[in-house]
Amino acid sequence: MLQQTPVARVLPVWQEWLRRWPAPADLAAEPPGEAVHAWGRLGYPRRALRLHAAAVAIVADHEGAVPSTEAELLTLPGVGTYTAAAVATFAFGERTTVVDTNVRRVLARVVEGREYAAPSPTRAELDVAAGLVPEHPASARTWSVAVMELGALVCTARAPRCEDCPVASLCAWRLAGRPAHDGPPRRGQAWEGTDRQLRGILLAALRDANSPVSRGTLEALSDNEIQRERCLDSLVADGLVEPLDGDRFALPGRRAG
DNA sequence: TAATCGTGGGC
DNA sequence: TGCCCAAGATT
């Protein structure tokens, strides 16, 4: 849930999920559409599908218990390098290298002297991060929590609070006078008129409905027939939408809407 | 590897 | 006000 999504927005949804599905087996027993529905407006709804698939895999391959090692976690749907490392160390105490957007920004500033990290993690960057992790697993875990929190609360993207920073005295970026980002402008994500936008609109209609939705209802949501069909097809291909008989659509396995 | 994939709050 | 970006993963 936290992937590319602010913590504050995740919290209420996360709590409701854990109330409703306390164990992986509870979620795995549901049709995937229930997960998509309970995802609400968190965004990137394929994550809901993958979280459900991860629950299914945990039941099928791990006797219903979340695996405790980074390597095993990496095999789960929707779990990549960051999530596997974070869960392995924060939940299970394994010594890992946790590199999220906060860690990347902190290290870019403190070590490299740049305002922002590169668009995607570089080999050198990951090596730097790995080299800073303490040897002792418990210390490594504390280190990762600390660097992430520093990035989230103090060394923020927009208005960093250097005056409150415990490592201000050794921060290369601050010592260099906090130079602004130079190089090619960082690419913003286009939005208006994109497939992403329309997919969101279509899925929201299905999520908010109390019963399967007719094709006509979906057609009313966009005049662009080509794009509309492409988006509907892609939602079906992703497994986020299930076509039913009678030219109707619903969240997968969720006939009640 | 670069492109794709949602949403909403803060500045 | 629009723009930026948020505990990334996948193909």
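Just so it is clear: chains get the letters A, B, ... in the order the sequence lines come, proteins before strands, and each one is counted from 1. The structure presented is a predicted model; accordingly, all values stated were derived computationally and were not measured.
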* Between A:Arg50 (CZ) and B:dC5 (P), how many Å, whole number? -> 12 Å

* Asked: Between C:dC4, B:dG6, B:dT7, which nucleotide has the shortest distance from any of its atoms to the side chain of A:Arg207?
  -> B:dT7

* salt bridge (charged side-chain N to carboxylate O under 4.0 Å, His left out) assessment of A:Arg95 paired with A:Glu70 -> CA-CA 9 Å; A:Arg95 181 182 180 278; A:Glu70 184 176 25; over 6 Å; no

* Reckon A:Thr81 has a side-chain N or O less than 4.0 Å from the OP1 or OP2 of C:dA9? -> yes

* **Protein-nucleotide distance (A:Gln4, atom CD; B:dG9, atom P), rounded to Å** => 17 Å

* To do: Using the C1' atom as the reference point in each nucleotide, state the distance between B:dA2 and C:dA7 in Å, no decimals.
  => 23 Å

* Asked: Would A:Arg228 and A:Leu218 count as a side chain to side chain contact (heavy atoms under 4.5 Å, CB included) if you check the C-alpha gap in whole Å, the side-chain angles of each, and the deciding distance to 0.1 Å?
  -> CA-CA 8 Å; A:Arg228 203 181 57 222; A:Leu218 297 178; 5.7 Å; no

* **Rounded interatomic separation in angstrom, taking CZ from A:Arg196 and P from B:dG6** => 7 Å

* To do: Report which part of the nucleic acid A:Thr83 touches: base, sugar-phosphate, or nothing (heavy-atom distance under 4.0 Å, all strands).
  => sugar-phosphate

* Structure fact -> Assign each of A:Arg46 and A:Pro6 the nucleotide of DNA chain C bearing its closest heavy atom; nearer the 5' end lies the nucleotide of A:Pro6

* CA sep, side-chain torsions, deciding dist, call: A:Val236, A:Asp233, side chain to side chain contact (heavy atoms under 4.5 Å, CB included) -> CA-CA 5 Å; A:Val236 172; A:Asp233 285 348; 5.6 Å; no

* Structure fact -> Ranking A:Val79 and A:Glu149 by the position along DNA chain C of their nearest nucleotide, the one closer to 5' is A:Glu149

* **Closest to side chain of A:Pro45, choosing from C:dT10, C:dA7, B:dG6** => B:dG6

* Using a cut-off of 4.0 Å on non-hydrogen atoms, how would the nucleic acid contact of A:Gly43 be classed: base, sugar-phosphate, or nothing? -> base

* To do: For A:Leu42, answer base if it contacts any base atom (sugar-phosphate contacts may also be present), sugar-phosphate if it contacts only those atoms, and nothing otherwise; contact means non-hydrogen atoms under 4.0 Å.
  => base

* Is any NZ, NE, NH1 or NH2 atom of the basic residue among A:Glu229 and A:Arg215 found under 4.0 Å from an Asp or Glu carboxylate oxygen of the other? -> yes

* Structure fact -> Taking C:dA7, C:dA9, B:dC5 as options, the one with an atom nearest any side-chain atom of A:Gln3 is C:dA9

* To do: Look at the side chain of A:Arg158 against the base of B:dC11 and say whether a donor-acceptor pair falls under 3.5 Å; ignore hydrogens and angles.
  => no

* **Sugar-phosphate, base or nothing in reach of A:Tyr116, heavy atoms under 4.0 Å** => sugar-phosphate

* **C1' spacing across the pair C:dC4 / B:dG6, given as an integer number of angstrom** => 15 Å

* To do: Indicate whether OP1 or OP2 belonging to C:dA6 is found under 4.0 Å from a side-chain N or O atom of A:Thr101.
  => yes

* Return the nearest nucleotide to the side chain of A:Arg41; candidates are C:dA7, C:dA6, B:dT7. => B:dT7

* **Selected nucleotide, minimal atom distance to A:Asp195 side chain, candidates C:dA9, C:dA7, B:dC5** => B:dC5

* To do: Could you check whether A:Ala86 gets within reach of a base, just the sugar-phosphate, or nothing at all, counting any heavy atom under 4.0 Å?
  => nothing

* Nearest to side-chain heavy atoms of A:Arg47, which nucleotide of C:dA7, B:dG6, B:dT7 -> B:dG6

* Structure fact -> Between CG of A:Asp233 and P of B:dT4 the distance, given in whole Å, is 18 Å

* Calculate the interatomic distance between A:Arg9 atom CZ and C:dA7 atom P; express it in whole Å. => 10 Å

* Structure fact -> Assert: residue with more 5' nearest nucleotide on DNA chain B, out of A:Asp238 and A:Ser120, is A:Ser120

* Taking the side chain as every heavy atom from C-beta outward, state whether A:Phe92 and A:Thr69 have any pair of such atoms under 4.5 Å apart. => no

* To do: Round to a whole Å and report the spacing from CG of A:Leu2 to P of C:dG8.
  => 8 Å

* To do: Apply the test side chain to side chain contact (heavy atoms under 4.5 Å, CB included) to residues A:Leu107 and A:Leu132: give CA-CA distance (whole Å), side-chain angles for both, the deciding distance (0.1 Å), then the verdict.
  => CA-CA 10 Å; A:Leu107 297 187; A:Leu132 289 170; 3.7 Å; yes

* To do: Let me know the distance between OH of A:Tyr44 and C1' of C:dT10, rounded to the nearest Å.
  => 12 Å

* Asked: Can you find a side chain N or O atom of A:Arg199 that sits less than 4.0 Å from OP1 or OP2 on B:dG6?
  -> yes

* To do: In whole angstrom, give the distance that lies between atom CZ of A:Arg105 and atom C1' of C:dC4.
  => 12 Å

* Report the C-alpha separation of A:Trp39 and A:Met1 in whole Å, then their side-chain angles, then the decisive distance to 0.1 Å, and conclude whether the side chain to side chain contact (heavy atoms under 4.5 Å, CB included) test is met. => CA-CA 9 Å; A:Trp39 195 253; A:Met1 288 176 175; 3.5 Å; yes

* To do: Pick base, sugar-phosphate or nothing for A:Pro77, based on heavy-atom distances below 4.0 Å to the nucleic acid.
  => sugar-phosphate

* To do: Identify which nucleotide among C:dG8, B:dG10, B:dT7 has an atom closest to any side-chain atom of A:Trp191, counting heavy atoms from C-beta outward.
  => B:dT7

